[in-house]
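Note that ligands are numbered from 1 as they come in the structure, with each ligand's atoms numbered from 1 the same way. These numbers come from the heavy atoms of this one structure, side chains and all, not from hydrogens, waters or symmetry mates. Predicted, not measured: the structure shown is a model, and the values here were computed from it.
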Amino acid sequence: MSAPARPVTAVLVGASGRMGRALLAAGAARPEVRWVGAIASPTSGALGSEVAPGLRISADLAAVLPAQVVIDFSHPSATRTTLRDCRAARSPLLLGTTGQGASLEADFAAAAREIPLLIAPNTSLGVTVLLELAALAAGALPAHHAAIREVHHRGKRDAPSGTALALAAAVRQGHPAASIPIQSEREGEVIGEHRLSLEGEGEILAFTHRALDRGLFARGALAAALWLASRPPGRYAMRDMLFGKTKT
Ligand SMILES: NC(=O)c1ccc[n+]([C@@H]2O[C@H](COP(=O)([O-])OP(=O)(O)OC[C@H]3O[C@@H](n4cnc5c(N)ncnc54)[C@H](OP(=O)(O)O)[C@@H]3O)[C@@H](O)[C@H]2O)c1
């Protein structure tokens, strides 16, 4: 992919958080990205602080739009507002925030008719490939018993993780299991670990992804955001960047 002639203007929602800081650090190494807004909650202790040269945290997303892409790694309670403001400004949105449940499905569908919307419960390129492998393996082994285990740091709010749910959905694509057990553990500073096992008679096939560094998600998110900025309206997933879009 060749670099665009001019940097892509980007807004970061959740700029004061763990992922926000990782994105700002990753963005500093990518001249193709120019931050034009950094957003936190209206009660954030970080409001007004300078997080990059000339970039101060504010709470009003609409005021810093339009941008060529918005990247949201914040809190599920912010998602409705982010969707509304991105739609109003016709700005593409990469939604990395997890934990919304199924309640926003109609909002996602409506937004995707108007803007490019990439919903990414996990922006790791390795996990993106894992989801494809999971669908392939589970479809070929329908009699095997599928199970998922995920481990994250104690600060993670949602359980099961968005990635574990995406993994279960990938398995179900070709597998008859009505429900797939997901074991969630919260301990220490674990950034994120997911394991899918397919247990059959006399064998266990297992896939493990272990995140070693939060920057991994940030680098994947920036790559996807740059890709999304030039897509037409529609609903996208990380896989579409790597494997091409096969459905809307
Ligand atoms: N897709 C992926 O690959 C991936 C990877 C890791 C994490 N995540 C998800 O990303 C999200 C953030 O994770 P994190 O670890 O960075 O969390 P975090 O450290 O708790 O940071 C949350 C950020 O969201 C902001 N925020 C909270 N409520 C908001 C609101 N109503 N409007 C605007 N901003 C708001 C916070 O601002 P203040 O607290 O300063 O107000 C803070 O900047 C979570 O949903 C997590 O599950 C996704």
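- Of all protein heavy atoms, the one closest to atom 11 (C) of ligand 1 is S74 O, 3.3 Å.
- Remark: ligand 1 and A120 share an N or O pair separated by less than 3.5 Å (distance only, no angle test).
- Scanning the protein heavy atoms around atom 3 (O) of ligand 1, the nearest turns out to be T123 N, 2.8 Å.
- The nearest heavy-atom contact from the protein to atom 45 (O) of ligand 1 is T98 N, 3.1 Å.
- If you check the side chains of E187 and H152, you find no donor sitting under 3.5 Å from an acceptor.
- Of the charged side-chain nitrogens involved, none lies within less than 4.0 Å of a carboxylate oxygen, so that R87 and D85 do not count as a salt-bridged pair.
- Atom CD of residue E201 and atom NE2 of residue H144 lie 9.5 Å apart, to the nearest 0.5 angstrom.
- No part of A221 comes within 4.0 Å of ligand 1, judged by heavy-atom distances.
- Salt bridge annotation for R186-E193: absent, with no cationic side-chain nitrogen under 4.0 angstrom from a carboxylate oxygen.
- At the shortest separation from atom 16 (O) of ligand 1 among protein heavy atoms lies M19 N, 2.8 Å.
- Expressed to the nearest 0.5 Å, how far CD of Q100 lies from CG of L83 amounts to 8.5 Å.
- Looking at S16, A15, A22 and measuring to atom 39 (O) of ligand 1, the nearest heavy atom belongs to S16.
- When the shell of 6.0 Å around CZ of R172 is examined, it contains more than 12 heavy atoms from other residues, nucleotides or ligands.
- Of the heavy atoms in S44, both backbone and side-chain atoms come closer than 4.0 Å to ligand 1.
- Of the polar atoms of G96, at least one N or O is found under 3.5 Å from an N or O of ligand 1, judged by distance alone.
- An N or O contact shorter than 3.5 Å links G17 to ligand 1 by distance.
- Of all the atoms in ligand 1, the ones that sit under 4.0 Å from a non-hydrogen atom of K156 are 47 (O).
- Here M241 contributes atom CE and L94 contributes atom CG; the two are 9.0 Å apart, rounded to the nearest 0.5 Å.
- Against a heavy-atom cut-off of under 4.0 Å, T97 is close to the following atoms of ligand 1: 45 (O).
- Salt-bridge annotation for D240 and R235: absent, with no side-chain N of the basic residue lying under 4.0 Å from a carboxylate O of the acidic one.
- Between the CZ atom of R231 and the CD1 atom of I115 there is a distance of 15.0 Å, given to the nearest 0.5 Å.
- Within 6.0 Å of atom CD in E189, 12 or fewer heavy atoms from other residues, nucleotides or ligands are found, so the atom counts as exposed in its surroundings.
- Taking a cut-off of under 4.0 Å to the non-hydrogen atoms of S41, the atoms of ligand 1 that pass are 28 (N), 29 (C), 30 (C), 32 (N), 33 (C), 34 (N), 35 (C), 37 (O), 38 (P), 41 (O).
- The protein non-hydrogen atom at the shortest distance from atom 5 (C) of ligand 1 is F217 CG, 3.8 Å.
- When H75, R80, R18, Q100 are checked for heavy-atom proximity to atom 28 (N) of ligand 1, H75 turns out nearest.
- Both the backbone and the side chain of F73 come within contact range of ligand 1, each with a heavy atom under 4.0 Å.
- For atom 31 (N) of ligand 1, the nearest protein heavy atom (residue, atom name, distance) is A78 CB, 3.6 Å.
- Looking at ligand 1, you won't find any N or O of T43 less than 3.5 Å from one of its N or O atoms.
- Residue-to-ligand polar distances place G14 within reach of ligand 1: an N/O pair is separated by less than 3.5 Å.
- For the pair E114 and R90, the salt-bridge criterion is met [side-chain N within less than 4.0 Å of a carboxylate O].
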Side chain to side chain donor-acceptor pair (under 3.5 Å) for D60 and S58? Distances and angles first, verdict last.
CA-CA 6 Å; D60 188 353; S58 67; over 6 Å; no

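- The closest approach between R157 and ligand 1 falls below 4.0 Å for a heavy atom of the residue.
- Note: an N/O pair closer than 3.5 Å links P121 and ligand 1 by distance alone.
- In the model, S161 has a side-chain atom that pairs as donor or acceptor with a side-chain atom of H194 under 3.5 Å.
- When heavy-atom distances to ligand 1 are checked against a 4.0 Å cut-off, R214 has no atom that comes that close, whether in backbone or side chain.
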